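Structure record follows, encoded as structure tokens.
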Amino acid sequence: MRAVRKSTHLSRQLLATNAVRYSSTAAPVVKPLTSVLIANRGEIALRVGRTASEYGIRTTTLYTDPDARSQHALSSPYAVNLGDASAYLDGDRIIQIALEQGCQGIHPGYGFLSENPKFARKCTEAGLTFIGPPWQAIESMGSKSESKDIMTAAGVPCIPGYHGSNQDPEYLKSEAAKIGYPVLLKAVKGGGGKGMRIVNMPEEFFDQLASAKSEARNSFGDEVMLVEKYITTPRHIEVQVFADKHGNCVALGERDCSIQRRHQKILEESPAPHLEEEIRQDIWEKARAAALAVKYEGAGTVEFIFDNDSGEFFFMEMNTRLQVEHPVTEMVTGEDLVRWQLIVAEGGRLPLTQHEIEQRIKERGAAIEARIYAENPDMNFIPDSGLLLHLRTPKPTSTVRIDAGFVAGDEVSSHYDPMIAKLIVQGPTREAAIQKLRAALEEYEVAGPITNIEFLKKICVSSDFIAGNVETGYIHKHHAELFTTELPAPEVYAQAALGLSLQEISSSSRDPFSGPPVTAAGFGSGFQRREVHLVEIPADGKTNSQPSTITIHQTAPSRFDITVGSQTYSSVTSTFSPTTNTLTTFYPHTRLSTTFVRDSDRLTLFQQGRQYRLQLALPKWAEKALGVKDVTNSVLAPMPCKVLRVEVKEGDEVKKDQPLVVIESMKMETVIRSPHDGVVERVVHKAGDLCKAGTALVEFVEP
């Protein structure tokens with residue numbers, strides 16, 4: 001067992017000193033809040049609004065033009081349009097609106113202005129209650145270099161690195177050499193995984209530095225970097241802390257957030273698996289020491305890197321706000337953390353002591369949160385956007401919770417973070433919680449943008465995850481297991497063909513003048529033989545699947561003979577409900593219930609806990625007759641984006657995986673690489689161009 005750090009005594013001294021200092025001051029006056037402006041959007045705006053309304057606090061919401069019909073904009077009768085998509089960052093205007101609306105306080109949510117000390121200070125100066133920590137604490141902890149100095153002085157262990165002001169690339173590289181590779185480049189003002197790059201060897205240092213600086217500049221308006229030792233088998237363990245104005249500070253347990261992509265969390269759980277109790281208590285104590293070192297108030301999260309090899313942990317940063325994953329802590333404590341924020345902002349005392357919290361955690365088992373994103377895991381988790389054509393969620397219960405910002409028919413905008421919802425489950429044990437999460441994910445249906453739901457299902461059945469052997473490099477380490485493809489069974493194609501047939505028969509019977517259906521000539525409302533050509537939509541955007549031909553012969557109003565390849569199903573009965581998009585089919589060997597969603601020539605099916613994405617394909621003779629263009633040698637924009645840099649020019653010979661174009665979407669940089677060897681025939685777009693999804697960026701000819 002690892003010995004508890006020698007700095008424990010120093011941390012206890014700090015806790016005692018702060019308790020004495022706070023207790024010696026006059027008790028803060030409790031000022032109840034009756035009206036609050038929520039300076040955020042999406043699920044967190046709705047989340048804050050629910051708790052505020054429950055306690056009789058009037059809420060005013062803000063929205064921008066792209067968010068005009070979003071759920072948070074519609075959630076309150078008091079709603080103000082900010083206009084431009086970027087206006088959630090217009091702190092001065094938001095403060096003015098709060099004053100005009102008669103609000104007493106501002107809740108910043110997370111992201112946007114939640115960790116902006118200037119905004120927090122201006123709120124206070126305007127006579128508004130900033131529902132968060134004091135601006136001085138935000139300022140101190142917002143600088144990764146300053147925060148590490150404060151933590152070192154407070155006895156909180158910090159990872160070795162360079163946090164100085166000399167930003168000359170050569171100097172930073174020399175510091176990296178002193179620290180020893182691999183190193184982590186991190187934006188001083190950064191967060192959320194942006195402005196962060198791992199450098200494995202000296203040869204790639206300058207390229208990774210330039211990329212990190214560019215992303216940091218676009219995201220935070222600041223490109224100052226720090227260099228730290230990169231721990232090769234790290235876990236991300238964070239502690240939820242809460243402090244009030246009376247000197248009380250508690251830790252509400254830890255969360256393990258090691259399952260990440262692009263340095264951003266997608267699964268969070270509490271308690272952290274395989275964490276010895278002595279280390280758990282030590283890390284809680286260090287987190288409380290960190291909060292008290294900056295005279296903290298309200299909700300905060302102290303993040304640590306935990307070294308799986310040595311059992312040591314190091315301070316990484318403190319997020320001076322409510323975290324995206326706060327519902328995990330709410331599940332294991334039974335407490336409403338937004339309510340706690342309001343209590344502290346009003347000047348009240350924390351509702352529970354440290355001892356009471358620990359008792360709650362012992363009684364309430366384990367909780368896990370999965371973030372549902374509009375993104376494509378098979379294309380390096382590139383964000384997606386678009387209309388939510390169909391949305392069906394698991395049934396919420398006391399142990400299954402959904403925090404969402406969207407309903408069916410809403411648009412996932414390319415202007416903002418692509419998170420659709422958070423799915424949180426609780427169970428008596430970690431194993432029970434994982435099983436419940438897997439079952440809930442199988443009930444979650446989203447058609448429209450590509451999501452990470454299928455990927456999350458694979459993690460839930462990954463043996464090392466189930467065993468609790470987690471680390472931040474888990475996805476990379478288990479890539480082969482997590483990115484395996486499984487071909488659709490013949491029944492999937494049969495269900496798709498039946499869905500098309502029944503949907504169009506229903507449509508033509510309702511509207512005899514609607515004209516011929518889209519799929520193929522001869523699709524009418526009578527009994528007849530039909531042929532459908534379907535192809536599975538490649539998840540990676542590259543694989544060219546061969547179309548499957550499905551022959552369907554209608555023998556009675558709801559009875560069919562179906563052939564898929566060499567497989568024939570006779571006397572199949574099937575019905576389709578347009579109101580629920582449900583196709584129910586009785587085959588000779590089984591019954592299948594399938595959700596069937598059609599969007600022009602694209603079909604989405606949900607069947608037995610899996611999603612399938614198919615596309616109507618033209619026969620080869622029809623492609624030639626219609627002059628369909630072959631885009632095999634074109635590199636397409638995977639999403640709506642802005643071109644930041646073009647790395648090649650016409651006539652260049654390129655190799656497979658060579659960088660071609662760097663694009664930006666949702667403030668995330670993505671490198672578009674060559675799918676194969678070739679010669680650049682044409683560069684279609686230049687730096688600064690805005691591109692729609694599917695637009696050609698670069699065209700090739702064979703070498």
Side-chain angles (χ1 to χ4, degrees), residues 390 392 394 438-439 441-445 447 453-454 457-458 461 484-510 517-539 545-599 601-619:
H390 168 84
R392 183 179 294 163
R438 178 191 55 75
L441 286 167
E442 288 182 352
E443 295 178 27
Y444 219 120
E445 300 178 355
I453 293 175
E454 296 302 306
K457 292 174 191 175
K458 290 180 181 178
V461 296
T484 54
T485 56
E486 187 178 333
L487 294 175
E491 290 89 346
V492 174
Y493 289 102
Q495 288 291 85
L498 282 167
L500 284 167
S501 302
L502 291 171
Q503 191 180 68
E504 291 175 350
I505 289 170
S506 173
S507 175
S508 61
S509 65
R510 288 195 305 269
V518 174
T519 49
F523 270 49
S525 57
F527 298 169
Q528 53 198 283
R529 190 180 303 275
R530 307 170 183 185
E531 196 173 81
V532 180
H533 302 276
L534 293 170
V535 63
E536 185 181 14
I537 298 174
S545 303
Q546 290 300 313
S548 296
T549 300
I550 303 94
T551 303
I552 180 166
H553 182 207
Q554 188 178 23
T555 59
S558 298
R559 191 178 299 277
F560 305 86
D561 293 336
I562 308 167
T563 301
V564 183
S566 61
Q567 181 72 51
T568 297
Y569 307 101
S570 301
S571 298
V572 173
T573 59
S574 187
T575 56
F576 179 70
S577 170
T579 55
T580 61
N581 293 326
T582 303
L583 179 71
T584 304
T585 307
F586 290 86
Y587 291 87
H589 63 295
T590 190
R591 175 188 60 79
L592 288 176
S593 180
T594 304
T595 301
F596 174 87
V597 182
R598 179 178 179 181
D599 180 27
D601 64 342
R602 296 197 165 208
L603 314 176
T604 305
L605 285 76
F606 299 93
Q607 183 171 299
Q608 295 181 332
R610 280 192 60 192
Q611 181 193 50
Y612 301 92
R613 300 171 64 245
L614 306 174
Q615 186 167 6
L616 285 161
L618 288 169

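The model shown is predicted, which means the values in this text are computed figures rather than measured ones. For reference, positions follow the sequence shown, starting with 1.
For residues 486-498, the pairs satisfying salt bridge (charged side-chain N to carboxylate O under 4.0 Å, His left out) are Glu486-Arg610, with sequence neighbours left out. Applying the ring pair (Phe, Tyr, Trp, His ring centres under 6.0 Å) definition to pairs two or more places apart or across chains, none involves residues 486-507.
Remark: Leu502 CG to Thr585 OG1 distance equals 7.5 Å, nearest 0.5 Å. Distance check: Arg529 CZ to Glu531 CD gives 10.0 Å after rounding to the nearest 0.5 Å. Taking OG1 of Thr575 as the reference point, atom CG of Leu583 lies at 7.0 Å (rounded to 0.5 Å). Between the CD atom of Gln554 and the OG atom of Ser501 there is a distance of 7.5 Å, given to the nearest 0.5 Å. Rounding to the nearest 0.5 Å gives a distance of 4.5 Å between CG of Asp561 and OG of Ser570. Taking CZ of Phe576 as the start and CG of Leu500 as the end, the distance is 9.5 Å to the nearest 0.5 Å.
Residues Thr604 and His390 form no side-chain contact, since every pair of their non-hydrogen atoms from C-beta on lies 4.5 Å or further apart.
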Begin with the C-alpha distance, continue with both residues' side-chain angles, and end with the deciding distance and a verdict on side-chain contact (heavy atoms from CB on, under 4.5 Å) for Ile453 and Glu445.
CA-CA 8 Å; Ile453 293 175; Glu445 300 178 355; over 6 Å; no
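Nearest approach of Leu603 to Ala496, heavy atoms of both residues: CD1-CB, 4.1 Å. Contact record, Val572 with Pro588: CG2-CD, 4.2 Å, taken as the closest heavy-atom pair. Closest approach of Val535 and Ala617 over heavy atoms only: CG1-CB, 4.2 Å. Considering every non-hydrogen atom in both Lys458 and Thr484, the closest pair reads NZ-O, 2.6 Å. Taking all atoms of both residues into account, the shortest heavy-atom contact from Ile537 to Leu614 is CD1-O, 3.5 Å. The nearest pair of heavy atoms linking Gln495 to Phe596 is O-CD1, 4.5 Å.
By the 30° and 60° cut-offs, the orientation of the rings of Tyr569 relative to His589 is parallel.
In summary, of the residues considered (Val597, Thr594, Thr595), a side-chain contact (heavy atoms from CB on, under 4.5 Å) with Leu605 occurs for Thr594 alone.
Residues meeting the side chain to side chain donor-acceptor pair (under 3.5 Å) test with Thr563, sequence neighbours left out: Thr568. Listed by chain and residue number, Ser577 satisfy the side chain to side chain donor-acceptor pair (under 3.5 Å) test with Thr579 (two or more places apart in sequence, or in another chain). The ring pair (Phe, Tyr, Trp, His ring centres under 6.0 Å) test applied to Tyr612 returns no partner, not counting sequence neighbours. In this view, Tyr444 satisfies the ring pair (Phe, Tyr, Trp, His ring centres under 6.0 Å) rule with no residue, not counting sequence neighbours. Scanning for side chain to side chain donor-acceptor pair (under 3.5 Å) contacts around Arg613 gives an empty result, with sequence neighbours left out. In this view, Thr582 and Arg392, Thr580, Thr584, Ser593 satisfy the side chain to side chain contact (heavy atoms under 4.5 Å, CB included) rule, not counting sequence neighbours. Not counting sequence neighbours, the partners of Lys457 by the side chain to side chain donor-acceptor pair (under 3.5 Å) test are Glu454. The side chain to side chain contact (heavy atoms under 4.5 Å, CB included) test applied to Arg559 returns Thr555, Ala556, Ser571, Thr573, not counting sequence neighbours.
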